[in-house]
Amino acid sequence: MELRNLRHFVALAEERSFTRAAARELIVQSGLSTSIRALERDVGAPLFVRGTRPVRLTAAGEALVGAARRALEAAAAARQVVQDVEGTLSGRLRIGTISSVGHTLPFTTWLAEFAHAHPGVTIVVKQEATLRMLEMVENGGLDCALLSAPHASGLAALRLISDPVVLACAEGHPLADRRAVRLAELDGERFVETPADWAIRVLVDRTFQAASLTRRIVCEVNEWTSVLDLVDAGVGVSLVPAGLDFARYRRQLGVRLIPLADLRLERQLDFVFPTGEAASPATRRFVELLRRHRRLDRQAG
């Protein structure tokens with residue numbers, strides 16, 4: 001059983017597409033198919049259900065995924081032991097991040113700093129829904145992730161941002177001139193919302209349900225630029241993180257941002273990663289960089 005075949009198997013299991021998996025591994029699709037067949041001969045069982053789209057694992061394939069990831073991680077750790085002697089960090093760092101980059105956190109700047117400091121590390125960034133990323137970190141599909149959601153007990157989390165949630169409404173809305181609004185005043189309002197699996201949507205849904213209030217979701221979009229444009233157009237109101245970098249979206253934003261008067265909702269961004277030795281060397285080094293920047297920010301504040 002070759003590590004190369006295991007790597008191709010894991011890529012296909014994660015991407016669920018021969019095209020994407022082949023592109024990820026920098027090989028042609030026929031080469032990927034040959035590699036998968038060789039691994040199936042080695043293990044003595046089919047690993048994928050043929051002819052399905054997206055690609056679907058067989059029961060044997062599902063059973064092999066975890067062991068394959070552990071084998072690849074062990075091989076990477078063995079290489080790193082040798083490279084540590086030379087002071088070189090290598091391998092891959094697979095980072096998940098929220099689909100919206102509309103916050104003031106300079107995450108891409110930190111990624112660039114890490115890339116320059118460790119040119120031997122290949123950085124792979126994936127944008128997925130929060131709950132999906134959390135699942136991927138838990139099962140080894142990602143090394144770490146920047147997300148906004150409660151995390152599992154087996155993971156560590158580094159808090160990076162805690163933003164209050166405020167009401168966004170158009171200038172002509174009846175609440176636009178208010179200094180603060182109570183949640184009950186939003187009962188029955190038309191809302192522009194993010195998708196149901198976004199952490200802030202879950203927070204708002206639960207808050208309205210707990211208060212026995214209703215709202216009509218008239219539009220659902222998966223980026224903050226569209227949310228704000230639709231609010232500006234008077235389609236509805238929205239509850240948004242106050243820390244969004246509004247200046248990046250529009251030079252003249254015709255949207256009022258109004259605090260909530262009777263409760264404090266927060267969108268929290270955490271960097272989530274496995275604990276202890278389960279974290280890859282690249283993950284641990286990146287966490288060190290984040291902690292250093294967080295200390296510097298606190299000192300500057």
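Side chains are part of it too, since the values below use all heavy atoms of this structure and drop only hydrogens, waters and symmetry mates.
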| message | With a sphere of 6.0 Å drawn around CZ of Arg50, does it hold more than 12 non-hydrogen atoms of other residues, nucleotides or ligands? | response | yes

| said: Closer than 3.5 angstrom, by distance alone: can the side chain of Thr52 be matched with the main-chain N or O of Arg56 as a donor-acceptor pair? | reply: yes

| task | Please list all pairs passing the side chain to side chain donor-acceptor pair (under 3.5 Å) test where one or both residues lie in residues 1-13, with sequence neighbours left out. | result | Glu2-Arg4, Asn5-Ser35, Arg7-Glu25, His8-Ser35

| request: With salt bridge (Lys or Arg N to Asp or Glu O under 4.0 Å) as the test, would you mind laying out the steps for Arg132 and Glu135 before giving the verdict? | output: CA-CA 5 Å; Arg132 170 62 179 151; Glu135 177 186 340; 3.4 Å; yes

| For Glu189 and Leu167, what are the C-alpha separation, side-chain angles and deciding distance, and is it a side-chain contact (heavy atoms from CB on, under 4.5 Å)? | CA-CA 12 Å; Glu189 280 281 352; Leu167 175 69; over 6 Å; no

| Parallel, tilted or perpendicular: ring planes of Trp110 versus Phe107, cut at 30 and 60 degrees | perpendicular

| said: Has Ser238 got a side-chain atom pairing as donor or acceptor with Val240's backbone, closer than 3.5 angstrom? | reply: no

| said: Check for me, please, whether Leu260 and Val231 land in the same ILVMFWY cluster - side-chain distances under 4.5 Å, paths through other members count. | reply: yes

| said: Please check: side-chain N/O of Arg267 versus main-chain N/O of Pro241, any donor-acceptor pairing under 3.5 Å? | reply: no

| field | Qualifying residues under ring-ring contact (aromatic ring centres under 6.0 Å, His included), relative to Phe271, sequence neighbours excluded | value | Phe286

| task | Would you check, one step at a time, whether the test side-chain contact (heavy atoms from CB on, under 4.5 Å) holds for Leu239 with Leu186? | result | CA-CA 10 Å; Leu239 289 171; Leu186 304 180; 4.3 Å; yes

| Distance-only, no hydrogens or angles: does the Thr58 side chain make a donor-acceptor pair with backbone N or O of Leu47 under 3.5 Å? | yes

| said: Measuring from atom CZ of Phe208 to atom CG of Leu203, what distance do you get when rounded to the nearest 0.5 angstrom? | reply: 10.5 Å

| Measuring from Asp232:CG to His173:NE2, what's the distance to the nearest 0.5 Å? | 13.0 Å

| note | Here the gap from Ile36 atom CD1 to Glu40 atom CD, rounded to the nearest 0.5 Å, amounts to 7.0 Å

| message | When you measure from the side chain of Asp163 to the backbone of Ala242, do you find a donor-acceptor pair of N or O atoms at a distance under 3.5 Å? | response | no

| message | Under 4.0 Å between a side-chain nitrogen and a carboxylate oxygen: does that hold for Glu266 and Arg159? | response | no

Identify every side-chain donor-acceptor pair in residues 67-76 under 3.5 Å, counting partners at least two apart or on other chains, and give the distances.
from: Arg69; atom 1: NE; to: Glu14; atom 2: OE2; distance (Å): 3.1
from: Arg69; atom 1: NH1; to: Asn139; atom 2: O; distance (Å): 3.0
from: Arg69; atom 1: NH2; to: Glu14; atom 2: OE2; distance (Å): 3.3

| message | Taking the basic N atoms (NZ, or NE/NH1/NH2) and the acidic carboxylate oxygens, is any pair closer than 4.0 Å for Arg215 and Asp205? | response | yes

